[in-house]
Protein chains: 2
Amino acid sequence: MSDVKIRNMEEFAALSGISRPTVSKYFHDPESVRPSTRARIEAALEQYDYRPNIFAINQNRKQTKTVGILVPYLADPVFAEFARNIEQRCVDMGYRPTIFSAHGEQETENEILENLRAQKPAGALLAPLGRASDVAAVKAFCKDVPTVLFDSILPDVGMAFIGSDNPQFTRLIVDYLCRTGEPPCFFEMKTPTNPNARKRRQSYLDAMQALGQEPQVFSVDGADWHFEEIGRQGGHQVLRSGEMKTNTVLCSNDRLAIGFLTACYELGLKVGRTEDCAIRVAGQDDHPFSRYTCPPLTTIAQDYDSVSREAVATLFRAIEGEDFPYSIKLFEGKLVMRESA
Amino acid sequence: MSDVKIRNMEEFAALSGISRPTVSKYFHDPESVRPSTRARIEAALEQYDYRPNIFAINQNRKQTKTVGILVPYLADPVFAEFARNIEQRCVDMGYRPTIFSAHGEQETENEILENLRAQKPAGALLAPLGRASDVAAVKAFCKDVPTVLFDSILPDVGMAFIGSDNPQFTRLIVDYLCRTGEPPCFFEMKTPTNPNARKRRQSYLDAMQALGQEPQVFSVDGADWHFEEIGRQGGHQVLRSGEMKTNTVLCSNDRLAIGFLTACYELGLKVGRTEDCAIRVAGQDDHPFSRYTCPPLTTIAQDYDSVSREAVATLFRAIEGEDFPYSIKLFEGKLVMRESA
DNA sequence: ATATAATTTTTACGCGCGATAAATTCTTAC
DNA sequence: GTAAGAATTTATCGCGCGTAAAAATTATAT
């Protein structure tokens, strides 16, 4: 490895003994040049450590190799998991993904979209804030950048939506809970930002009706992303109110459930499905930590892998020029039975 | 808002009635032009929605407005919290931060560093993998990009290191535990990737000696980033071995502690500091979820805010041309007393 | 050996903006 | 009203690379 500093492709081409346009072609696609010239370029590459200037490339290509990934709240392990999964898949496709988080705020989401658009990405994978999103802004973004939405749907925005079949989630776990004990009441935030929450509530009501059970919904205050705290405080409220007609609680998501479990602990209520327990608690999502709560949380596992894979696949079909109508694809969840219910 | 599409600064300048160099100057610093011309530009800006091409800008400026943020594992809420905090501060400084995660792998860390370098960022904030880092690669990166390391130190790499005073953490909690009950044994991973873990162990040994207590260390297997699972399995192992000479366990970090708590639960051991409890468990870090474990985890709170603030401030002093010698700044932790110990 | 196809080289332009120097216009103070 | 100072305009390069067309070279098939 020589330590001669190479300023640009011109210099590198001269040193490798190949013309600049051919070198340029090589960097665009190594397979597109004759094996013998490829070998010469790669030999020079090992000797001189040159990399094309990424800004000059992006300025001149209509399409960059950048992919934007935007999630509503990165400190939420569910989205950290999605981001990690999707990022890896983009890298494998030879693209350069960048992760952004809206931190739960519309203004931030819009700013990120603006900045992202300026980078002319090849595409974007977007889990919008949901109810808190500026739909017009997201739509405008999608007009410029091929975008696939995931996790949280904004109807007819983007090229496709990939997510979880929330009604199925809730049906499945309501069914299980009814089969194994008292029918559950439903614990949720009054004003959830995520549209999935509304679907889960509705699906709870439907499932209970289908089973001939009387539903009971507790909607607690709290509008930000501190779900555990909302679950804990709301849990205290509900548990102390004495209004619960059942010993079983289905939480709208695992993070609320984690907080609810804390409330149970603080009130001295033993949680679980054995005889000596006072209450059963279940969640939805299979949050990465739900295996480690005490007791471990019974929940419905999101199919992170399938959702991520399909979202990325769909985006790249679009990037590669395939034309297809707007579509929605939902994946089913699996019941994860643990001790809490 | 007119829907005339503007191709470049030339066109925009013409439409706003100002010359291109002045417009360019405006975008570089709005304060640098006369108020009357600023008003005219901003009026045109509202009418025509033009944004300078970011690639062209970065190609021509020696220094970009990009800042790279790299953490070892973004799905770990501790690093998600750091990333969020630091990102916000960079935005406030008028820069465009980008978050990357090494996902616990050296190869990924190196690739990110390579890509980042190609982007000629104004600076970088780096929490390296630690023991698993390719020190030479990181050093090479720091030679090209002003870099401040945080959380995990690589001695003499970067312009400065900002982190937590791990010995103080451990001293503080060992002290507390000894004062309020039996002296703790220490629970850790045998081969931690993070150098802080070694400091904590050593500091545990020192603190115990200073207090005239006999130390006991349990080092369990497991080398990846699934700390909770390592804590759980290791917990089972330790608890069943019968080798614990005390009823108090200090875990090297909160994530291990969370897994250890699960092990306790699974073995039917009641955790807490009341008389009816079999064991006390404490962690270190004040992981965002440690408030919600059952029982809530007693721990030492990292000063996320101070570390982030100081790291960003140090970086920007360097970016703005200030010259200073390599320095290390450590922040103290605060004892967070909860029910687990 | 020759014709044909496939690559590579040469040459030249363009992308959108930063930067600079000289010429011009505007501001401010007297 | 005038002169000095500040801001703006005009004109012109340069950044590093994509891209296109024509000319030259090489590889492949007959």
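Order of the sequence lines sets the chain letters (A, B, ...), proteins ahead of strands, with each chain counted from 1.
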Report, as a single string ordered 5' to 3', how protein heavy atoms within less than 4.0 Å touch nucleotides 12-20 of chain C: B base, S sugar-phosphate only, - not at all.
B-BBBBBB-

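- Within the structure, the side-chain hydrogen bond (donor to acceptor under 3.5 Å, both in side chains) test picks out the following pairs touching residues 128-139 of chain B (sequence neighbours left out): B/E109-B/S133, B/N110-B/D134.
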Nucleotides 22-26 of chain D: which of its N/O atoms have a protein N/O under 3.5 Å away?
none

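- Distances shown here put a side-chain N or O of B/T22 below 4.0 Å from the OP1 or OP2 atom of D/dT9.
- A/E42 pairs by the side-chain contact (heavy atoms from CB on, under 4.5 Å) definition with A/Y26, A/R38, not counting sequence neighbours.
- Computed from coordinates, the A/I6 CD1 to D/dC17 P distance equals 11 Å when rounded to whole Å.
- Every residue meeting the salt bridge (Lys or Arg N to Asp or Glu O under 4.0 Å) condition with B/D305, not counting sequence neighbours, appears here in chain and number order: B/R89.
- Note on B/T37: every side-chain N or O is 4.0 Å or more away from OP1 and OP2 of D/dA7.
- Residues forming a salt bridge (Lys or Arg N to Asp or Glu O under 4.0 Å) with B/R40 (at least two apart in sequence, or on another chain): none.
- In this structure B/F316 satisfies the ring pair (Phe, Tyr, Trp, His ring centres under 6.0 Å) test together with B/Y95, sequence neighbours excluded.
- Counting only N and O atoms by type, the side chains of A/D92 and A/Q88 include a donor and acceptor under 3.5 Å apart.
- Checked against ring pair (Phe, Tyr, Trp, His ring centres under 6.0 Å), B/F55 has no partners two or more places apart in sequence or in another chain.
- Residues satisfying the side-chain hydrogen bond (donor to acceptor under 3.5 Å, both in side chains) criterion with B/S164, sequence neighbours excluded, are B/Q302.
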